[in-house]
Each structure stands twice: as structure tokens, then as C-alpha cells.
Amino acid sequence: MTKVRTRYAPSPTGHLHIGGARTALFNYLWARKNGGSFIVRIEDTDLERNLSDAEKKQMEALKWLGIEWDESVDVGGPHAPYRSMERLHLYETYLKKLIDSQKAYPCYCTQEELDAEREKQLAEGVAPKYSGRCRHLSNEERIAFEKEGRTPSIRFRVPEGRTITVQDEVRGEVRFETDGIGDFIIQRPDGRPTYNFAVVVDDALMEITHVVRAEEHLSNTPRQILLYEALGFTPPVFAHASLILNPEGKKMSKRDESIIQFIDQYRDLGYLPESLVNFLVLLGWAPEGEKAEEEIFSKEELIDLFTLKRVSKAPAVFDSGKLKWMNNAYIKASSLERITELAIPHLAKAGRISETVRGEEREWVKRLVGLYQEQLDYVAQIVDLTEMFFRDEAAYSDEAKQVLSGEHVSEVIAAFVRQLESSEEAFTPDHVKKLLKAVQKETGQKGKNLFMPVRAAVTGEVHGPDLRESMTLLGKEKVIARLKDFLDRKPQILSE
RNA sequence: GGCCCGUUGGUGAAGCGGUUAACACACCAGCCUUUCACGCUGGCAUGCAGGGGUUCGAAUCCCCUACGGGUCACCA
């Protein structure tokens with residue numbers, strides 16, 4: 001059996017998209033599962049749309065996700081180069097073969113002529129398709145066009161009256177009539193190949209065995225099969241996954257803002273790569289048998305479980321709520337150290353701490369993050385969540401004011417202040433517990449009547465994580481200052 | 001418009017001719033907790049797009065319709 005080789009072949013026109021990431025992931029998993037190779041090839045023939053650092057950005061994003069390649073532009077490989085624009089000589093060779101065998105021909109139509117033709121067809125309600133007007137040009141006619149200064153593009157001569165059957169791993173047999181396919185351009189006038197031609201040459205030469213991609217390529221497949229045939233290559237196994245839809249059930253457009261679409265945006269928000277991988281793979285794929293009841297899978301498990309046959313035919317809606325849940329699950333399962341490490345840049349960016357926190361301060365940050373670890377959907381949330389630790393005075397919510405306007409509040413707070421000021425012991429959660437006990441004894445207030453006023457006065461909120469730990473992290477001075485401030489300004493605070 | 005693909009609860013989905021149609025997210029309730037979050041328990045969802053067949057029996061097989069999507073580029 002030949003070695004499995006798969007590839008992800010993005011064009012460097014933007015950031016790594018969740019759809020592209022999923023495609024890459026499927027290819028990666030399939031290669032790994034079969035002990036094969038995964039290749040990243042750059043399809044950069046569309047010069048106009050290429051973005052300068054898109055290639056680098058996309059590859060970084062893939063690497064971040066843990067999707068590692070065996071051959072590509074950076075590490076090289078037996079079929080280098082891995083950028084289309086560096087493979088022009090190869091396309092040239094195969095193009096010549098097609099022209100020599102009359103399977104391709106020069107087309108002198110201008111863009112304007114083609115547009116006009118197309119418009120006319122559309123207006124007549126006919127399927128837009130190249131008319132074939134340059135298909136049978138005589139030599140004289142060709143020379144005449146050349147004299148006019150026209151440089152031809154090269155079209156592939158699509159055979160008439162044939163049925164092309166695509167053997168698709170996920171969809172079964174899909175048939176297309178060649179009569180519905182117009183002669184398509186395989187090389188532009190300036191010598192650059194078009195996608196359909198480049199992929200075929202590249203996939204064939206790179207010995208790709210399985211082409212896994214999104215459904216939008218399904219109708220390209222018969223064209224490619226025709227090219228494989230004309231060039232004498234054996235086509236790979238195809239597998240077309242369905243599209244990922246936005247919450248409205250529409251195809252995601254890059255401009256769609258209802259959903260975050262790029263991998264690096266998730267990275268920047270503090271999503272974990274494992275959870276993204278886990279989430280993405282489940283969008284249009286499900287494991288077989290009893291494993292279908294689970295949803296958290298490590299990369300190793302995925303490599304073990306993944307099969308193309310289980311890729312879904314039906315489109316999947318991207319549910320960011322579920323992604324959040326999954327990310328939260330991974331954050332909870334992560335070490336506090338890791339989450340702290342991820343949280344520091346966010347806190348630093350918000351001006352709360354220094355990027356290079358060390359020693360005691362770093363320990364403090366770690367405890368702070370620990371307070372919120374289990375409720376983080378993504379790490380960036382740490383900034384808003386911890387806001388109250390970084391301000392001098394508490395900002396009182398309406399609910400807090402409500403609590404603070406209750407009976408015995410001043411009494412409780414005053415007693416707590418006295419306890420704090422008269423205590424010499426280290427300010428630890430245990431110690432705070434003792435002090436609050438003493439307040440309870442002194443005032444007779446307990447439970448909610450004790451804790452809520454204290455929480456509200458110190459934090460300005462009626463909700464929040466463990467109060468003793470929170471106060472300890474805030475520091476004794478700050479706690480006392482806030483309590484006194486409350487006592488001093490009580491009428492004002494409550495009436496604001 | 002032609003061609004192609006798809007359609008299981010709000011969402012991801014299992015299901016492969018006989019099931020009370022899994023599981024998970026979301027949602028609701030209870031428990032836990034000083035509160036929130038987490039966690040646990042339970043519930044809801046009145047789900048197989050609709051219509052015809054085939055069959056003793058259909059979410060599962062066939063046909064039609066509807067709806068959604070893809071594609072028909074000198075974009076990939």
C-alpha cells in the first residue's frame with residue numbers, strides 16, 4: 001500500500017480562517033493516522049490578492065494549533081519548491097504536453113469580450129459557459145490576433161458528451177456531465193497557471209493520495225479529473241467536507257462580524273489551541289460508536305479515531321457558545337501556571353501589571369488568576385473580571401448599594417475595621433476568617449448579614465469569588481481604606 | 001438559470017430497516033456556596049423538512065416537492 005500523503009494548500013490572501021483550519025486539521029489527522037505525510041503548499045498564483053505576510057501568519061497559526069507539517073516552504077522536502085510561483089517551469093512542461101496533444105489551445109478573447117458574453121448568457125437565462133469561440137481557430141486567425149498584439153490565455157479543451165464520476169470518500173459517487181463544463185483557462189496570458197491546473201500538477205507531482213477539502217471545490221473536481229486524465233496522472237482520493245455556516249445558517253463571509261473567524265483572533269483572546277482543535281474537528285465530523293457520546297478529545301485520540309468516512313455531508317453551524325464551553329473545560333483542566341502565563345500579557349496590556357512580573361508580585365498574580373480560572377471562557381476575560389483589584393476605591397453596583405443600605409451595616413463594617421486595625425497577625429485567608437468570627441461575636445450578625453455587607457463594602461459587588469482570598473489579595477491596607485471610605489461617605493455612596 | 005450537494009430538537013450530533021430517537025452545548029429547576037462561578041441532580045426541547053411509495057415494519061431504501069448551500073472566474 002502506498003504511503004498516505006495529504007496536503008493543505010492555502011492561498012496567502014489572509015489570515016488562517018476557521019474553515020481553512022478545519023480543512024488543514026482533517027488532512028493532518030488523516031495523514032498522521034495512516035503514518036503518512038502532511039504537506040503545506042502555498043498556492044500563490046493570484047498575485048493581485050496575495051498579502052505580504054499572510055503565508056507566515058497562516059503557518060504560525062497552524063503551528064500554534066499543533067498542526068505540524070512534514071514538508072513545506074520552510075522545511076523543504078522531496079518535492080520542493082512548495083510555492084506555486086516557484087514551480088512555474090513545471091506547469092510549463094505539462095502545459096506544453098497538453099498543447100502538443102491538442103488538449104489545450106490558445107484563446108485570444110479579451111476580458112471585456114468574455115464579460116459581455118457571460119452577461120448576455122445570464123440575461124438570456126442560459127447557463128454561463130465559455131462559448132468556445134477560439135476553440136477552432138485556424139493558424140491564420142491566430143496569427144492575425146497575435147498581430148493585433150493580443151497575448152492568449154490557454155484553455156483546456158473539455159471533451160464533449162462524457163460523464164465524469166467523482167469517487168468521493170464522504171459523498172460517494174458524484175456524477176457530472178462534461179457538457180455542462182466550458183473550456184476553462186489553465187494558463188493566464190502572462191504565463192501563470194490558474195488554480196485548477198496548478199493543483200492538479202502539484203498534487204500529482206507531490207504524490208498526494210488524498211485530497212480533503214471543503215465542498216466549494218466539489219464542482220471543480222470534474223475539471224481536475226479531466227486534467228489528471230489528459231496528463232496521464234492517477235487522480236487521488238477525494239473527500240469533500242461540508243461548509244461551516246454562521247449562526248444565521250449562511251456561508252461565512254470574511255466580512256461577517258457575527259462571528260470571530262480567524263485563528264489568531266482566538267489565540268489573542270486566550271483560547272487554547274487544544275480546545276480549538278477539539279471544537280473544529282467536531283464541526284462536521286463525529287467519532288464512531290460509543291466514542292460518539294464523548295466530546296473532549298486529545299490530539300492523540302483524534303489521530304486514532306479520525307476517519308474520512310465519518311466526515312459529515314451536512315453543513316455545520318459554528319456555535320461560539322459551545323466553543324466557549326469547551327475552552328472553559330480546557331482552561332479548568334490546565335495548570336494554573338499555564339493560565340497565569342497566558343493571563344499576564346492581557347493584564348499587562350491593560351496596564352495592571354508589568355509584562356515582566358517576577359517573584360512575589362508574580363505569585364500574587366497567580367493567586368489572582370487562580371481565583372477566576374474555573375470561570376474563564378477565554379483568558380482575556382481576566383482583565384474585566386479582576387478590575388476591582390486594581391482600583392483604589394470600590395465602584396458600587398446598585399445591588400451593592402442595596403445591601404449596604406440595610407440595617408446593622410455600619411456596625412458590622414466598623415467592627416470589622418476595628419478588628420483589622422488591632423490585629424498584628426499575617427493577613428491570610430485563615431486570619432480573615434478569625435477576624436470575621438470576632439465581628440460576628442461582637443455584632444451578632446452572621447451569614448449573609450455578615451458577609452454581604454463586608455463583600456459589598458470591600459468589592460463594590462455582591463457577587464464574586466471567595467471573599468477571604470479576595471481580601472487577602474487586595475491587601476490589608478486597601479481593605480481598611482475601602483471600608484473607611486465607605487463609612488465616611490456612606491450617605492453619598494448610597495445616594496449616587 | 002444549468003449542474004452538484006445537503007435537510008434528525010435553538011446548536012453540534014449519534015443513529016445504517018424493528019431504539020422510550022443517544023450524547024453534548026444552550027435553557028429551566030433543585031442542591032451545594034456568604035454571593036457569583038464551578039460542580040452535582042433533574043427537567044425542557046413537544047425533533048427525524050413535506051408528500052408519495054417499497055416493506056409485516058422506515059429517521060434509516062426509492063421518487064417527487066420545498067427549503068438551504070455550493071459552483072458555473074485570467075479566485076483559490
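Quick note on labels: first sequence line is chain A, next is B, and so on, each numbered from 1. Note that the structure is predicted; figures quoted are calculated from it, not measured.
B:C40 is paired with B:G30 under the Watson-Crick or G-U wobble criterion, all donor-acceptor distances under 3.5 Å. Applying the Watson-Crick and G-U wobble criteria (two distances, each under 3.5 Å), B:C72 pairs with B:G1. Under the Watson-Crick or G-U wobble criterion, with both distances below 3.5 Å, B:A22 has no partner in any strand shown. In this structure B:G6 sits in a base pair with B:C67, meeting the Watson-Crick or G-U test at under 3.5 Å.
Taking side-chain N and O atoms only, A:T45 has a distance below 4.0 Å to OP1 or OP2 of B:A76. For B:C72, the OP1/OP2 oxygens have no side-chain nitrogen or oxygen of A:R118 closer than 4.0 Å.
Put simply, the side chain of A:E407 does not reach to within 4.5 Å of the side chain of A:N449, judged on heavy atoms. A 4.5 Å side-chain heavy-atom check between A:L218 and A:R171 finds at least one atom pair inside the cut-off. A:P189 is not listed as a side-chain neighbour of A:P152, based on a closest heavy-atom distance of 4.5 Å or more. Considering only heavy atoms from C-beta on, A:V166 stays 4.5 Å or farther from A:E173 through its side chain.
Within the 4.0 angstrom heavy-atom criterion, base atoms lie near A:R310. Counting non-hydrogen atoms under 4.0 angstrom, A:S242 reaches nothing in the nucleic acid. Residue A:E43 is in sugar-phosphate contact alone, with no base atom involved, counting any heavy-atom pair closer than 4.0 Å across all strands shown. Within the nucleic acid shown, A:N220 comes within 4.0 Å of at least one base atom, counting heavy atoms only. Residue A:L467 is in base contact, counting any heavy-atom pair closer than 4.0 Å across all strands shown. Heavy atoms of A:H217 sit under 4.0 angstrom from at least one base atom. Among the heavy atoms of the strands, none lies under 4.0 Å from A:L323. Here A:F176 lies in heavy-atom contact (under 4.0 Å) with sugar-phosphate atoms only. Residue-level contact check: A:P189 touches the bases, meaning some heavy atom is under 4.0 Å from a base atom. Within 4.0 Å of A:K332, counting heavy atoms only, lie sugar-phosphate atoms of the nucleic acid but no base atom.
Classification of A:E274 and A:R338 as a salt-bridged pair holds, one side-chain N sitting under 4.0 Å from a carboxylate O. A salt bridge links A:E117 with A:R133: the distance from a Lys NZ or Arg NE/NH1/NH2 to an Asp or Glu carboxylate oxygen falls below 4.0 Å.
As a whole-Å value, the separation of A:R213 CZ from B:U71 C1' is 13 Å. Rounded to whole Å, atom P of B:A37 lies 14 Å from atom CD of A:Q381. Distance CG (A:L371) to C1' (B:C38): 13 Å, rounded to an integer number of Å. Taking atom CG on A:L282 and atom P on B:A22, their separation rounds to 19 Å, with Å as the unit. Between the CD1 atom of A:I225 and the P atom of B:C4 there is a distance of 15 Å, given to the nearest Å. Distance, A:E173 CD to B:C5 P: 11 Å, rounded to whole Å. Straight-line distance from the OH atom of A:Y130 to the P atom of B:C72: 17 Å, rounded to whole Å. As rounded to whole Å, 20 Å separates atom P of B:C3 from atom CG of A:D168.
Comparing B:G15 with B:G39, their P atoms are spaced 28 Å from each other, to the whole Å. Nucleotides B:G52 and B:A58 are separated by 14 Å at their C1' atoms, to the nearest Å. Comparing B:G69 with B:C62, their P atoms are spaced 25 Å from each other, to the whole Å. When the P atom is compared between B:G43 and B:A49, the two are found 26 Å apart, to the nearest whole Å. With both ends at atom P, the span from B:G1 to B:U65 equals 13 Å, rounded to whole Å. Taking atom C1' on both B:A26 and B:U20, the two are 24 Å apart, rounded to the nearest angstrom. Nucleotides B:C23 and B:U41, compared at atom P, are 13 Å apart to the nearest Å. Between B:G51 and B:A14, the distance separating the two P atoms is 24 Å to the nearest Å.
When each of A:E295 and A:S219 is assigned the nucleotide of RNA chain B bearing its nearest heavy atom, the one mapping closer to the 5' terminus is A:E295.
Within 6.0 Å of CD in A:E160 there are 12 or fewer heavy atoms belonging to other residues, nucleotides or ligands.
The base of B:A24 sits within donor-acceptor range of the side chain of A:K322, with an N or O pair under 3.5 Å.
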